[in-house]
Amino acid sequence: MFILLLLTSLSLYAHAEIQITPMVAEKAEIYAHRGANDRFNESTVTAYEIAARDGMDALELDLRMTEDGELVVMHDDTIDRTTNGSGKVSAYTLAELREIETVEVFQQEEKRETIPNLEEVLQVFEKEEHYYIETRLVHDKAEMETKLIELLKEYDLLDRQHVSFQSFSESSLEQLQLLAPSIPLTLLFKKGAFNLEKAKDVPYSAIGIESTDVSLQVVNELHEQGKEVHVYFTDLTTQKNEQKRVKSFNVDGYFTDFINYTQQLLDE
């Protein structure tokens, strides 16, 4: 009798484990992580143009602030990894950064292009694209948010149709919420630092999680709170397999480095 009860309990548990909540978003969305960075230098106008032609749901942009208070599209706090220069973005003026080029090699061919500021990207795409913008603290302070909102207002882009914001910094998100309360916000969690209870409690409509911290339980519980789950990937070698894995959990968004692959995956 004990064995029968145990088997019945295990069966019920297994059945419960496979219940998957529907996604909160209307459909799974694809965000071009730093543009089409598998085909051109990341975070450049050309990389975003390629991604736009591929029909992305959003162009993902990381912002940094220069010494003279301008917003440029750059992931790292330094220019060492992606350009022919070195040093912190915050140590350069925009004019000085204009003299430096991003450099990358694709199929044995070197590609060079200037570092764009945010305004340049907005001028190229205007209202044709959705911008998923990541903000960061500047010298540990929320300093770029006012400039960002002013620029989006100038280009008549400050609405839910054209803009979403994301950040690892709650201070930044709080400032953005004050300045633009109608724009969707995503709280990002660093790899290995995800906190489910905090993610459920914060007043933001989406949660950004590194793929290896994503589980069915995590996705289900966030969906039950009405929150979208947007997944980013830090390992290019495992990203495609990770995308397959999290797809089975009904995640709502993918920050992809392999646009065409993700499109095919979601079409299956």
Side-chain angles (χ1 to χ4, degrees), residues 23-40 42-64 71-75 116-136 144-145 147-168 172-173 176-177 179-188 204-209 226-233 243 246-247 250-267:
M23 65 182 65
V24 173
E26 293 182 4
K27 66 178 184 64
E29 294 191 327
I30 303 175
Y31 314 126
H33 188 230
R34 309 177 201 172
N37 72 80
D38 59 334
R39 283 164 282 170
F40 202 84
E42 69 177 61
S43 303
T44 59
V45 168
T46 297
Y48 289 118
E49 287 177 329
I50 296 169
R53 288 197 294 269
D54 284 345
M56 294 295 89
D57 294 292
L59 305 179
E60 189 268 350
L61 301 91
D62 304 280
L63 297 184
R64 294 285 176 180
L71 297 177
V72 296
V73 183
M74 172 71 64
H75 177 269
N117 64 356
L118 176 60
E119 186 167 14
E120 181 182 354
V121 175
L122 300 182
Q123 287 172 342
V124 170
F125 299 103
E126 298 180 323
K127 292 187 174 183
E128 296 300 314
E129 299 298 327
H130 187 98
Y131 307 92
Y132 200 158
I133 300 173
E134 181 177 342
T135 59
R136 289 178 169 81
M144 66 169 58
E145 292 74 17
K147 174 77 173 181
L148 170 60
I149 298 302
E150 289 174 350
L151 195 57
L152 291 170
K153 285 181 177 178
E154 180 181 341
Y155 284 86
D156 194 26
L157 291 168
L158 195 61
D159 59 66
R160 299 173 68 94
Q161 181 181 349
H162 296 102
V163 178
S164 303
F165 298 135
Q166 58 175 321
S167 187
F168 288 98
S172 180
L173 292 179
L176 289 167
Q177 195 164 50
L179 295 169
S182 66
I183 304 301
L185 301 176
T186 300
L187 176 62
L188 298 169
Y204 306 123
S205 59
I207 302 297
I209 315 174
K227 296 180 186 294
E228 295 185 14
V229 178
H230 298 176
V231 182
Y232 69 94
F233 308 85
Q243 288 193 16
V246 301
K247 179 192 174 186
N250 274 349
V251 301
D252 305 89
Y254 299 74
F255 293 102
T256 184
D257 298 291
F258 302 103
I259 291 170
N260 298 145
Y261 173 83
T262 310
Q263 288 175 318
Q264 293 171 5
L265 177 67
L266 297 185
D267 285 342

Could you tell me if S172 and E145 have a donor-acceptor pair between their side chains, going purely by distance under 3.5 Å?
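Indeed, the side chains of E145 and S172 share at least one donor-acceptor pair under 3.5 Å.
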Answer whether the closest heavy-atom distance between the side chains of [X] and [Y] falls below 4.5 Å.
| X | Y | answer |
| --- | --- | --- |
| I133 | M144 | no |
| Q264 | D267 | no |
| L122 | E154 | no |
| Y155 | E119 | yes |
| R136 | L63 | no |
| K127 | Q161 | no |
| Y204 | P184 | no |
| L176 | I183 | no |

Considering all heavy atoms, the nearest [X]-[Y] contact:
| X | Y | answer |
| --- | --- | --- |
| E126 | Y131 | O-OH, 2.6 Å |
| P116 | V121 | CB-CG2, 4.1 Å |
| S167 | E134 | CA-CG, 4.4 Å |
| I30 | L266 | CG1-CD1, 3.7 Å |
| G208 | T186 | N-CG2, 3.5 Å |

Any donor-acceptor N/O pair, N117 side chain to L71 backbone, under 3.5 Å:
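Judged by distance alone, no pair lies under 3.5 Å.
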Backbone N/O of S164 and side chain of H130: donor-acceptor pair under 3.5 Å:
yes
Qualifying residue for side-chain contact (heavy atoms from CB on, under 4.5 Å) with V251, from I209, V24, V231
V231
Given S43 and H75, is the side-chain hydrogen bond (donor to acceptor under 3.5 Å, both in side chains) satisfied, shown in steps?
CA-CA 8 Å; S43 303; H75 177 269; over 6 Å; no
What orientation do F255 and Y132 show, parallel under 30°, tilted 30 to 60°, or perpendicular over 60°?
tilted
